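Quick notes on the structure that follows.
The structure displayed is predicted, hence computed values, not measured ones.
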Amino acid sequence: MKTKGLCIFPKDVQCITGKSERYGRQLLADIRVYLKKEPHQFITVYEFAAYCGLNVEDLLDYLD
């Protein structure tokens with residue numbers, strides 16, 4: 001059984017957007033500021049989808 005990750009990482013953002021990993025790190029940092037999270041806190045797939053205006057189910061299927 002394959003498990004799905006709840007957190008999203010810069011490499012995932014790179015695969016989703018087709019942009020660089022550096023862009024992924026910056027986007028996740030921007031989301032952390034927007035959500036008032038500390039730098040050590042993770043961004044969930046749900047928070048990422050809401051921020052970017054994506055459908056969560058499509059995103060989870062893509063990351064699977």
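Taken together through direct or relayed side-chain contacts under 4.5 Å among Ile, Leu, Val, Met, Phe, Trp and Tyr, L6 and V13 form part of one hydrophobic cluster. Y23 and I43 fall within a single hydrophobic cluster, where Ile, Leu, Val, Met, Phe, Trp and Tyr are joined by side-chain heavy atoms under 4.5 Å apart, directly or via other members. A continuous path of Ile, Leu, Val, Met, Phe, Trp and Tyr side chains, each step under 4.5 Å between heavy atoms, connects I8 with Y34, placing both in one hydrophobic cluster.
When each of L54, L60, D58 is paired with V56, the side-chain contact (heavy atoms from CB on, under 4.5 Å) condition holds for L60 and for no other.
What you find for P10 and G24 is that their closest heavy atoms are CB-C, 4.1 Å. Across I16 and F48, no two heavy atoms sit closer than the pair CD1-CE2, 4.0 Å. Looking at every heavy atom in both residues, D12 comes nearest to C7 through OD2-O, 4.2 Å.
With sequence neighbours excluded, the residues forming a side-chain contact (heavy atoms from CB on, under 4.5 Å) with Q41 are K37, E38, listed by chain and number.
In this structure, E47 CD and I31 CD1 are separated by 8.5 Å, a value rounded to the nearest 0.5 Å. To the nearest 0.5 Å, atom CD of residue Q14 and atom CZ of residue R25 are 9.5 Å apart.
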Apply side-chain contact (heavy atoms from CB on, under 4.5 Å) to residues Y51 and D30 and explain how you reach the verdict.
CA-CA 10 Å; Y51 183 84; D30 292 344; 4.2 Å; yes

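The main-chain N or O of C15 is found under 3.5 Å from a side-chain atom of Y62 such that the two form a donor-acceptor pair.
Remark: K11 fails to qualify as a cation-pi partner of F9 under the 6.0 Å distance and 45° angle criteria applied to the six-membered ring.
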